[in-house]
Structures are given as C-alpha cells and as structure tokens.
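Below: one structure, written as structure tokens.
So you know, we letter chains A, B, ... as the sequences are listed, proteins then strands, and number each from 1. Worth knowing before you read on, the calculation uses all heavy atoms, side chains too, and leaves out hydrogens, waters and symmetry mates.
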Protein chains: 2
Amino acid sequence: MANLTLRQLRYFEALAQHRHFGRAAEACAISQPALSVQIKDLEETLGTGLFERSPRQVRLTSFGEAFAERVRDILRAVDELDDFARSAKDRLTGRFRLGVIPTIAPYLLPAVIGKLTRSHPALDLHVRETLTPRLVHELLQGQLDTAIVALPVAEPALIETPLFSENFVLVRPDSDAQKPVPAGDELRNMRLLLLEEGHCFRDQTLAFCNAPSAVPRDGLDGSSLSTLVQMVGAGIGVTIIPEMAVDVETRSANVCCSRFEHPQPERTIGMIWRKSSPLGDAFAEVAEVVRLSFQSL
Amino acid sequence: MANLTLRQLRYFEALAQHRHFGRAAEACAISQPALSVQIKDLEETLGTGLFERSPRQVRLTSFGEAFAERVRDILRAVDELDDFARSAKDRLTGRFRLGVIPTIAPYLLPAVIGKLTRSHPALDLHVRETLTPRLVHELLQGQLDTAIVALPVAEPALIETPLFSENFVLVRPDSDAQKPVPAGDELRNMRLLLLEEGHCFRDQTLAFCNAPSAVPRDGLDGSSLSTLVQMVGAGIGVTIIPEMAVDVETRSANVCCSRFEHPQPERTIGMIWRKSSPLGDAFAEVAEVVRLSFQSL
DNA sequence: GGTTTGCCATAAATAAAAGTTATCAGAACA
DNA sequence: TGTTCTGATAACTTTTATTTATGGCAAACC
C-alpha cells in the first residue's frame, strides 16, 4: 500500500472544492486522468471512498468531508512552513549565539547589540562572555554560532574574519603625565599591572614588552581592565589597555593615557565561526555590523 | 524549484533525530545517497541550509531547529489523518443522514437509534421524517444518505434492499370485536379512515380494498395512524394499520385489532440509497441493524 | 428512441522522480 | 602517511506520475 503524499492531498483539496474532475485537474495544471488516478490511489491508500461519483456530479462522502477539514489544516501548515523558510532565507533569524572576550565585550557590545537588534529584529541574540579558548571550544562544540576575539586563533575548523585593528595605550597616574613614554622593553622594569592569566590581552601586552609570558608575578594581576585602571589611579603601578577601553575606563580615574611610539602595540579583532556552517554569508553580514559598530565608537 | 514533499519532511525528521546520514538513511530504509540527495533538494527548495555538515558530526542550524519543530507537528497531523482514515475504514462514521416515512418512524426508530448508537458510537445520526417522494428527492440530491421506506420505489439511481414484510391489521371499536372480519372489498362499504394523500400506506390500503386511489373522500383523512386509531375509538369508523404500530397505537384506545384472512394485506419495508455511493457496504450493515430492530419489536 | 454530449475511468506510452551501487574527497585518527 | 569514517557525486535502474488516446455510461436533446 502506497503512502500518503502531499501531492495527493493537494489534488484532493482541489477536487473537494471544484467537485468536478476536469476543472479540478485544470486548477492543478494537470490532465484529468492524472487527477483521477491520484484520487483513486488516495482512496485505495486510505481504504475508504472519499468521493461519490454520480453521472452528473461529484460529491464528497461524509467521511470525505471530515477528511477535507483535516487536509486543509495540514496543507495550510505546510504552506506556512514554506513561507517560514522563505522568509528566513539568507537573512539571519532565530537564535544567534555570540561569544565575546572580556577585553572587548564591555566596550563594543552596547553598540553591536543596538545595531543588530535594529537591523535584525527577528534575532534571538544570546551573548556569552569568556576567554578565547573556551569560546573556541564552545564554537567547535556547536554551543556558539560565532565569536568576537583577537586574531589569530589558528583553529583549522574555523574561519577568521578580521574586523579592525586597534592600538594599545599606556595608562599612568596623572602625576606621570609629563614624563616621557617608555618603550616596550622599559616597561619590564616598571610595576606593570596585567590581567590574570588566560586573557589573550595579557599575552599580547607581555609580548610587546618582550617578556616571557610565564614570568612569576607578585599578585598584581587584575581581573578586568577596569580594575587595572583603578589600581593605576591608586598609584600602584602602570598598565596598558586597548584603545576602545579608554573612554569608558579612564573617564573617572585620575590617570592619563599615552600612545607608544614607533612600534605601537596593537591587536587585530575578528570574528570566527565554523567553516562548516552554512550560515557563513549571514555571519559575514554580522561581522560588518560589528566593524561599523567599532568605527562609530 | 521543486515542491516540498512529505517524503522529504520524513527524511529530514529522521536526520534531525539521528544527526548522521548513514543511520538516518537506515532508519528510513533507503540508501545513504538517496537521503543525501533528498535533504539537499529540500534545502535547495527552501533556499536555506538546514544542517551543518562538519567532518565528525551533523548538526541542525538554528533555522533547522525551528523548522524541525514545525515539521514534527505536520508529520504528526498527517499520521493522525492516516489513522483517522484507517479507523473509519468500512465502518460508518461521521454524519449519517437517515430518512424515514411517517408510518414507520414512530414505531421502528426508537429501537434503530438505540441499536445504532450502541454499535456505531462515532456516528453523528440525523433523522428526517417525511413522505417517500420527498425522501427520494433528497436522496438523489445528496441531502440524505439512506432512507427507510416501503418498497418498491423504482428509481433507477437507487438501490433497494428489502428488510422485512409486515401485515396490515383491521382496527375496529371494541364493540365490533365479535363481528366477522370483512374482506378487502367489503371495506369499501364501511367508513374506512385513511391517512392523507401522499402517504404510501394510504395507497397500499386502498389497493387492498380494490378502490381507486383518487376516490373522493368525505374529510375523514387523518394525519397520522395515531389520529386514525383515536377516531376509531371514538366510533367514527374503522381503519387499517401496519402491525408494527399495533402495540403503540392501540394500547390506550378502546379498539380491537383483527387480522385479515387469506389474502393478507402487507407491505415490504426496505432501505434505499444511491447506487453511486461508495458506502454501500456500510449502509448494508445499517440495513441489517434495522432488520434486527424490527425483529426485536 | 436514437443520437449527442458531458464526464469520469482505463490503457499504453512517455516523462519525471527516487532509489541503488560504485566511487570520490575531506578530515580525523593512529 | 596510510586508514577509517562520513557525506557528496555520478551513472544507471526502478518506480511513480503524467500525457494522449480511447471507452463507457447516463443524461439531455432533438
């Protein structure tokens, strides 16, 4: 016994409406015999008559009428499914899980979220803020869709899309404002406050100072850039923060910021996602939104 | 672009569950390439990716997940439709419109309705009581499914199924109880009370009396057997009623019933329905129920 | 009362769709 | 570096759907 097909249900509905094989067939854009055969097959599959063919007119049986009601519901649901897909085509819709590292999130996310919810109202945005290795792991596990991190990540299963580069700046107490800006190497001899281990920004800073990343430290690590700047304001030492953090973090502390000379330290921020994701194009759009968000900071 | 098919949705659901082409294909009892192709076609039809194929695992995209929910609903509805049809197979279900003539309805229907609702609980029974020509007309128009009438009807588009025959009995005032039972011809000379024109029972009675059916009458026609019997009780005349009406109609009136001799008048009751109806078998079952109802009167 | 007409069913042939087997290609794993 | 796992692709076959042509039946029409 054959299976029910949507085609049969569509033909059935047409015939139920027109009550005439020829006209129903025309409405389905097929020949009358094709319709006859399909209806007959449907009736056989069901094991019940749906129509009563009398010489002058075609009528639904009482079962056929009950059947028609259900069929209408199903066909409507299928059409809606189709529309649903078509409306989601290319555009990003539904759940979207975005990871961000802690040295970016507080500064970039407000703008990103604003732009994104405006440009993609149907988006169900989830944000995860944690360190790069964990983001990468969750990305590979499929628990995240994309992440905003410092490049490179060098994970073969991921695509990296560079968004922008930004310099790092030196943060010193106000009192040091007139002193010359030290070079990277010289920072090693100053009390340089750093983020805790695990933050990529810590490693980038140490690299700039030509210091081994595993150098033993004396308990001066902060858990956030905000903390570091507060510590600088308190005269405990100096620190380095990315440019995007300057406005937010140094507004209220009595510290001053200075650019480095010649070899300016910098990082490249980018978005990453699984190579295998079929939503690459949509993600690239989001990447562009993020890039614009940075520009408008 | 091709159309959505139930087959594709079924395969999609399997793959969404197994997240593995090989195993999903096995579950669908097809080869892995067949599944791959169908899924690909589905994605093309929709214009969106549903699955993310990474080397080690197959994942639903976020759209795919939303899609899957709707698909499950649809497939469930289709399966229910299937069950619905299978459960209605052969058995009579849903609306059932039964016509009955007035000289049968009051006596037979209580038993028929009782038996029918017990044997076919899912039946939505509608009863129409009117004269034979109108029943036949409504049957031909598709406004009724079957009717219980006196045979023959001789309408080529209808099937007649005889159910049983019953005799007619003479109803006289109690005072006449000892008088001999007149023959049919003799009734013409008595005050014979009849139903109004249009009732087949009137014609059958007149035929028994060898009287022309269009004989002018003196305003003694009753609109129901019940009325006729009451009139007999009042001494206005005599009448003839079918056997099945005896118990109900003569219980409280002071009348007596007598069988005729030798050529006993009788009528054949049968069920009729459209030849073209595919529910003939189910109707035949109902006919049997009606026959049994008569036997148990 | 034949004949025409409208309408659905059936048959044979053709076109389209779905399935099969065989094979490839990429990534993971050892 | 092969080996394994897994999905995609290709060539071919089978099944399903559709078309054109035709038949049959009953109503409607001279």
Problem - Distance test, side-chain N/O of R7(A) to OP1/OP2 of dA17(C), below 4.0 Å - result: no
Problem - Pair Q32(A)-S36(A), side-chain donor/acceptor within less than 3.5 Å - result: yes
Completion exercise
Side-chain contact check for F21(A): nearest option of dA8(D), dC8(C), dT20(C) is dC8(C)
Handout entry: Between P of dC8(C) and CD of Q57(A), the distance in whole Å
Key = 11 Å
Handout entry: N or O in side chain of S36(B) less than 4.0 angstrom from dA8(D) OP1/OP2
Key = yes
Exercise for the section: Just call it for P33(B): base, sugar-phosphate, or nothing, with non-hydrogen atoms closer than 4.0 Å on any strand. Expected result: base
Exercise for the section: For dT10(C), take OP1 and OP2 only and decide whether either is under 4.0 Å from a side-chain N or O of K40(A). Expected result: yes
Practice task
Measure centre to centre between the rings of Y11(A) and F21(A), then say whether the value is under 6.0 Å.
Solution key: no
Practice task
Rounded to the nearest angstrom, tell me the gap between atom OH in Y11(A) and atom C1' in dC8(C).
Solution key: 17 Å
Problem - Test: R59(A) cationic atom under 6.0 Å from F51(A) six-membered ring centre, within 45° of axis - result: no
Problem - Spacing of E52(B) atom CD relative to dT6(D) atom P, expressed in whole Å - result: 17 Å
Exercise for the section: Give the nucleotide from the list dT9(D), dA17(D), dC8(C) with an atom nearest to the side chain of T5(A). Expected result: dA17(D)
Practice task
May I ask you to say what F51(B) touches in the nucleic acid, namely base, sugar-phosphate or nothing, with a heavy-atom cut-off under 4.0 Å?
Solution key: nothing
Practice task
Let me know the distance between CG of N3(B) and C1' of dA16(C), rounded to the nearest Å.
Solution key: 14 Å
Practice task
State whether a side-chain donor-acceptor pair under 3.5 Å links S62(A) with R97(B).
Solution key: no
Exercise for the section: Give the rounded distance in Å between these two atoms: NE2 of H18(A) and P of dC8(C). Expected result: 12 Å
Fill in the blank from the handout: Per nearest nucleotide of DNA chain C, the residue lying toward the 5' end, S31(B) or P156(A), is S31(B)
Completion exercise
Rounded to whole Å, the CG-P distance (L35(B) to dT20(C)) equals 11 Å
Problem - Whole-Å gap separating P (dA17(D)) and CD (Q8(A)) - result: 7 Å
Fill in the blank from the handout: Rounded to the nearest 0.5 angstrom, the CG-CG distance for L9(A) and L81(B) is 6.5 Å
Practice task
Establish, with yes or no, whether the OP1 or OP2 oxygen of dA9(C) is under 4.0 angstrom from a side-chain nitrogen or oxygen of R53(A).
Solution key: yes
Practice task
Using atom CD of E44(A) as one end and atom P of dA9(C) as the other, report the distance to the nearest whole Å.
Solution key: 12 Å
Practice task
Return no unless some side-chain N or O of Q38(B) is found under 4.0 Å from OP1 or OP2 of dG19(C).
Solution key: yes
Exercise for the section: Considering just the side-chain nitrogens and oxygens of H20(B), establish if one lies under 4.0 Å of OP1 or OP2 belonging to dC5(D). Expected result: no
Practice task
Look at Q32(B) and dT6(D) and indicate whether a side-chain polar atom (N or O) is within less than 4.0 Å of OP1 or OP2.
Solution key: no
